[in-house]
Protein chains: 2
Amino acid sequence: MKNRLKVLRAEHNYTQAKLAELLDVSRQTVNAIEKGKFDPSLPLAFKAARLFNLSIEEIFQDE
Amino acid sequence: MKNRLKVLRAEHNYTQAKLAELLDVSRQTVNAIEKGKFDPSLPLAFKAARLFNLSIEEIFQDE
DNA sequence: ACTTTTTGTAAAGTTTATTTGACTTTTTGT
DNA sequence: ACAAAAAGTCAAATAAACTTTACAAAAAGT
């Protein structure tokens, strides 16, 4: 599962730590998801989508 | 997290067992998700969305 | 009424997501 | 070049998703 978190983070000038704080997860979780180590839970995907005002599909891609 | 799986199932005349088979999960998993016992993983949410030709947000609602 | 199908539920086990703490490497600012 | 900040990573622990087996309750078909 790919995602655009790194780009979105750059666009918003967020550090991994800042994004983690906004999503209410640990910095390592953000890092791991960005690096494709695992997929976020559905609730976390929703949180990210709301944060960036995007649909889940616009952030995460199944391919 | 709410979802419209039961309705979508009814619309397509799918039993829980049939939907489980199409989603490649156990029947109990479908049942548990429908009953709100836990949320699906993001990959599973994507599978359901593709199956019904809907966006994740059209099937699962955060509130 | 009876039989079959579907749904609900529960326990025990496996896998995956997430945490915390610690440490290294890379990037950025001066 | 140096210091500080950010990103990467690892191990051990907990939580949440998902499996299998098994059985009971409810719904549907004849």
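Throughout, a chain's letter reflects where its sequence line sits, starting with A, and its residues are numbered from 1.
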Report each atom pair, protein N/O against N/O of nucleotides 27-30 of chain C, whose distance is under 3.5 angstrom.
none

5' priority, DNA chain D, between A:Lys6 and B:Val25 [closest heavy atom]: A:Lys6

Exercise: identify the closest heavy-atom pair between A:Ala49 and A:Ile59: CA-CD1, 3.6 Å

Taking every non-hydrogen atom, the tightest pair across B:Ile33 and B:Pro40: CD1-CB, 3.7 Å

Base paired to C:dT28 (Watson-Crick or G-U; both N/O distances under 3.5 angstrom): D:dA3

Complement of C:dA11, any strand, by Watson-Crick or G-U distances under 3.5 angstrom: D:dT20

Any residue of residues 29-51 of chain A with a heavy atom less than 4.0 Å from an atom of DNA chain D: A:Asn31, A:Lys35, A:Lys37

Taking atom [atom1] of [X] and atom [atom2] of [Y], what is their separation to the nearest 0.5 Å?
X	Y	atom1	atom2	result
B:Glu21	B:Thr15	CD	OG1	10.0 Å
B:Met1	B:Phe60	CE	CZ	8.5 Å
B:Asn3	B:Lys35	CG	NZ	11.5 Å

Identify the pairs formed between an N or O of the protein and an N or O of nucleotides 12-14 of chain C at a distance under 3.5 Å, and give each distance.
none

For the residue pair [X] and [Y], establish whether any side-chain heavy-atom pair is separated by less than 4.5 Å.
X	Y	value
B:Gln28	B:Gln16	no
A:Leu44	A:Thr29	yes
B:Gln61	A:Phe46	no
B:Leu8	B:Glu11	yes

5' to 3' contact window, DNA chain D with chain B (heavy-atom distance under 4.0 Å): D:dA17 to D:dA22

Side-chain donor/acceptor of A:Arg27 to backbone N/O of A:Ala20, under 3.5 Å: no

Backbone of A:Pro43 reached by a side-chain donor or acceptor of B:Asp39 within 3.5 Å: no

Report, one line per pair, each donor and acceptor closer than 3.5 Å where one atom sits in a side chain of residues 51-58 of chain A; sequence neighbours left out.
| unit_1 | atom_1 | unit_2 | atom_2 | d |
| --- | --- | --- | --- | --- |
| A:Ser55 | OG | A:Glu58 | N | 3.1 |
| A:Ser55 | OG | A:Glu58 | OE1 | 3.4 |
| A:Glu57 | OE2 | B:Ile56 | N | 2.7 |
| A:Glu58 | OE1 | A:Ser55 | N | 2.8 |

Working for side-chain contact (heavy atoms from CB on, under 4.5 Å), residues A:Arg4 and A:Val7: CA-CA 5 Å; A:Arg4 296 185 52 237; A:Val7 172; 4.1 Å; yes

Selection from C:dG8, C:dA22, C:dT18 that lies nearest to any side-chain heavy atom of B:Arg27: C:dG8

Test log, rule side-chain contact (heavy atoms from CB on, under 4.5 Å), inputs A:Leu19 and A:Val25: CA-CA 9 Å; A:Leu19 178 54; A:Val25 293; over 6 Å; no

Pairwise N/O distances under 3.5 Å, protein to nucleotides 2-5 of chain C:
none

Derivation of the side-chain contact (heavy atoms from CB on, under 4.5 Å) call for B:His12 and B:Lys18: CA-CA 10 Å; B:His12 290 74; B:Lys18 181 63 183 173; over 6 Å; no

